[in-house]
Asks: 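Pasting in a structure now, in structure tokens, and then I'll have a few things to ask.
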Amino acid sequence: MSTEWLRPGEQRATRILILGGGFAGVYAGFELQRACAGQHVEISIVNRENFYVFYPLLPEIISGAIEVENVLNPIRLVVPKASLYVGEVTAIDLAQARVEIRHGLYRHKQEERTLLYDHLIVALGGVPATSRIPGLAENAFDVQRLSSAFALRNHLIDTLEQGDIETDPLRKRRILSYVVVGGGTNGVEVAGEMHALLHEACRYYPQIEPEDIRVVIVQSADRLFPDLPKRLADFAARLLRQRGVEIIFGHRVARVEPGVVFLDDGRTIEADTIVGSVGVETNPLVSELPLPHDPRGRLAVRNTLGAGDEFPNVWAIGDAARVIDPHTGQPYPQTAQHAVREARLVARNIAATLRGEQPEPMTYRTLGQLVALGHRSAVAYIPPLKLSGFLAWWIWRTYYLLQIPRWEKRLRVMFDWTLDLVFPPELVQLKVGQPVPSAGRSLTGLLGKRGDPGEAE
């Protein structure tokens with residue numbers, strides 16, 4: 001721990017520490033730069049990588065519509081006035097107002113460091129909720145991480161390569177079968193992009209017919225994405241089925257073994273590719289804090305995003321927080337849209353607190369929801385409008401393009417999308433740190449260990 005030396009009469013800057021460099025953490029840092037302009041503050045961010053991922057476009061990495069690096073933004077460029085600590089959070093001591101981190105790229109060279117704070121923003125992302133299904137973590141791809149999406153794309157291309165030369169019909173069917181566990185927004189988008197890649201690419205594999213490819217979605221509910229109007233969910237299911245995607249409603253996955261999905265009614269689906277999209281659960285570092293929690297382990301913060309009277313200098317946003325929507329009485333959804341609004345509010349509230357003013361409550365009204373379905377189609381709910389098809393897809397792309405920080409990245413994504421409209425999919429397979437294309441083993445070598453404390457969304 002470093003010692004601070006102050007000259008006589010010099011006032012120490014107020015230290016604002018942000019844990020997590022996802023949507024919530026980065027936007028909080030960005031807004032703090034403006035909200036605290038003219039105030040003597042030091043902003044620090046702790047994140048496992050030196051970039052943050054624009055997660056709404058992550059499924060398009062799978063289909064190859066966007067280059068991997070174009071969904072990444074260096075945190076130092078987005079929040080240039082903040083100090084960045086690239087490392088993992090290992091402990092949070094609220095009583096002593098300090099955080100322990102481990103930093104360094106290589107495990108054998110990592111160092112421990114203590115960071116002190118005056119205000120703490122907890123923006124640690126959730127971890128994949130794979131514990132509810134035995135074998136899912138070990139045998140399925142988790143596409144809620146950049147490394148996983150990158151690994152899955154490589155794996156999909158590998159199945160096409162292997163399927164094209166396989167002569168055993170049963171083995172070929174298993175190689176070219178793909179199961180997505182979970183029919184929420186993320187699962188549907190992933191299934192749609194997988195289907196788009198496989199069907200656009202199979203024409204370059206002479207021994208593979210479109211009928212050989214089997215994509216299955218297993219959804220425990222009786223419809224897709226329950227948070228959207230039923231009309232849009234029905235449209236999405238109908239469109240996906242018209243394309244050949246199988247959807248199994250009303251059944252849960254009992255367990256997953258290598259290459260086999262077991263349903264709760266005794267049926268099995270053999271597939272070399274299994275994708276888990278069952279949501280996230282609270283980061284253990286957050287659920288263990290001595291603060292009020294909801295049943296899911298999220299911090300039950302006030303509507304000002306503060307953690308309460310005992311620790312008035314602690315704030316929580318994003319997946320780490322349960323924030324009640326005053327218009328519905330229900331918690332705000334855990335989406336990027338809401339994480340950004342919470343980030344902006346917490347920055348303004350900290351700045352107001354430093355000026356001796358009262359913080360504002362969260363009163364944001366949800367704009368709506370957009371879900372891409374692949375093949376240039378989507379559904380959009382922008383109350384009271386319910387849109388589907390190409391128009392919804394155009395709105396989806398336009399909205400998220402405008403949300404990407406920095407014009408350089410926006411132009412790169414626009415260029416990628418333009419090329420994707422004209423040229424066939426890129427079928428290059430990069431076996432980077434991926435000796436075995438299976439979920440549990442192939443993901444750790446790419447961008448770090450999945451689910452480590454300190455990884456944010």
Side-chain angles (χ1 to χ4, degrees), residues 4 11-47 52 75-76 78-85 89 92-99 101 114-125 283 285-286 289-292 298-324 326 332 336-364 405 454 456-457:
E4 299 178 83
Q11 183 180 12
R12 179 178 58 78
T14 300
R15 298 164 297 199
I16 304 174
L17 179 61
I18 304 170
L19 305 184
F23 262 101
V26 169
Y27 274 87
F30 179 79
E31 190 68 25
L32 276 167
Q33 294 178 140
R34 299 191 296 183
C36 294
Q39 295 176 280
H40 193 31
V41 301
E42 291 180 357
I43 304 169
S44 300
I45 300 175
V46 180
N47 194 49
Y52 95 97
I75 295 176
R76 293 184 183 277
V78 179
V79 196
K81 296 181 181 179
S83 297
L84 176 63
Y85 294 89
V89 178
I92 304 172
D93 188 338
L94 300 183
Q96 299 296 320
R98 66 185 185 186
V99 171
I101 70 170
T114 299
L115 302 178
L116 305 179
Y117 64 84
D118 297 300
H119 284 272
L120 177 69
I121 301 177
V122 181
L124 294 171
N283 191 306
L285 285 170
V286 175
L289 290 174
L291 293 169
R298 297 176 297 180
L299 297 181
V301 298
R302 296 180 172 180
N303 58 3
T304 59
L305 308 180
D309 293 334
E310 186 175 0
F311 297 102
N313 62 337
V314 177
W315 314 75
I317 55 178
D319 287 347
R322 185 205 64 179
V323 187
I324 299 298
Y332 281 109
Q337 173 188 167
H338 300 90
V340 169
R341 268 63 184 193
E342 293 167 13
R344 291 172 178 167
L345 178 62
V346 79
R348 294 197 300 270
N349 282 349
I350 290 177
T353 300
L354 296 180
R355 295 191 298 265
E357 301 170 1
Q358 290 297 314
E360 307 171 22
M362 181 86 171
T363 57
Y364 175 72
E457 291 195 345

Asks: Applying side-chain hydrogen bond (donor to acceptor under 3.5 Å, both in side chains), name anything that partners R348, two or more places apart in sequence or on another chain.
Replies: none
Asks: Might you point out which heavy atoms bring Q337 and R341 nearest each other, and give the distance in Å?
Replies: O-CD, 3.2 Å
Asks: Which heavy-atom pair separates H119 from T14 by the least distance, and what is that distance?
Replies: CD2-CG2, 4.2 Å
Asks: Which atom names give the shortest non-hydrogen contact between T304 and W315, and what distance separates them?
Replies: O-CZ3, 3.5 Å
Asks: Answer whether the closest heavy-atom distance between the side chains of L120 and L94 falls below 4.5 Å.
Replies: yes
Asks: Measure the shortest side-chain to side-chain distance between L285 and L19 over non-hydrogen atoms and say whether it is less than 4.5 angstrom.
Replies: no
Asks: If I compare all heavy atoms of P292 with all of A307, which pair ends up nearest, and what's the gap?
Replies: CD-O, 4.2 Å
Asks: Just verifying a value: how many Å separate Y332 OH and I324 CD1, rounded to the nearest 0.5 Å?
Replies: 9.5 Å
Asks: Out of curiosity, I92 CD1 to L291 CG, how far, rounded to the nearest 0.5 Å?
Replies: 9.5 Å
Asks: Rounded to the nearest 0.5 Å, what separates atom CG in L84 from atom CD1 in I43?
Replies: 12.5 Å
Asks: Search all heavy atoms of E42 against all heavy atoms of A13 and return the closest pair with its distance.
Replies: CG-CB, 3.6 Å
Asks: List for me each residue that meets ring pair (Phe, Tyr, Trp, His ring centres under 6.0 Å) alongside Y364, sequence neighbours excluded, and say none if there are none.
Replies: H338
Asks: Would you say N283 and D319 make side-chain contact, with heavy atoms under 4.5 Å?
Replies: no
Asks: Which atom pairs, donor and acceptor, lie under 3.5 Å between side-chain atoms of residues 28-39 and protein residues at least two apart or in another chain?
Replies:
from, atom 1, to, atom 2, distance (Å)
E31, OE1, R34, NH2, 2.8
Q33, OE1, K81, N, 2.8

Asks: Quick one: pull up OG in S83 and CD1 in I16 and give me the separation to the nearest 0.5 Å.
Replies: 12.0 Å
Asks: Does I45 reach the side chain of I75, with side-chain heavy atoms less than 4.5 Å apart?
Replies: yes
Asks: Excluding sequence neighbours, so at least two apart, what forms side-chain contact (heavy atoms from CB on, under 4.5 Å) with A321?
Replies: V301, A316, V323
Asks: According to the interplanar angle, ranging from 0 to 90°, do the rings of Y52 and F23 count as parallel (below 30°), tilted (30 to 60°) or perpendicular (above 60°)?
Replies: perpendicular
Asks: Under the 3.5 angstrom rule, does the side chain of D93 hit a backbone N or O of R98 as a donor-acceptor pair?
Replies: no
Asks: Show the nearest heavy-atom pair for residues F311 and A95, with the distance to one decimal.
Replies: CE2-N, 3.9 Å
Asks: What's the spacing between I317 CD1 and L124 CG if we round to 0.5 Å?
Replies: 10.5 Å
Asks: Got a sec, which residues hit salt bridge (Lys or Arg N to Asp or Glu O under 4.0 Å) with E310, two or more places apart in sequence or on another chain?
Replies: none
Asks: Are V26 and V79 close enough that some pair of their side-chain heavy atoms sits under 4.5 Å apart?
Replies: yes
Asks: Have a look at P359 and tell me which of N349, V346, N303, L345 forms a side chain to side chain contact (heavy atoms under 4.5 Å, CB included) with it.
Replies: N349
Asks: Which residues satisfy the side-chain hydrogen bond (donor to acceptor under 3.5 Å, both in side chains) test with E360, sequence neighbours excluded?
Replies: none
Asks: How about Y117 and S44: do any of their side-chain heavy atoms sit closer than 4.5 Å?
Replies: no
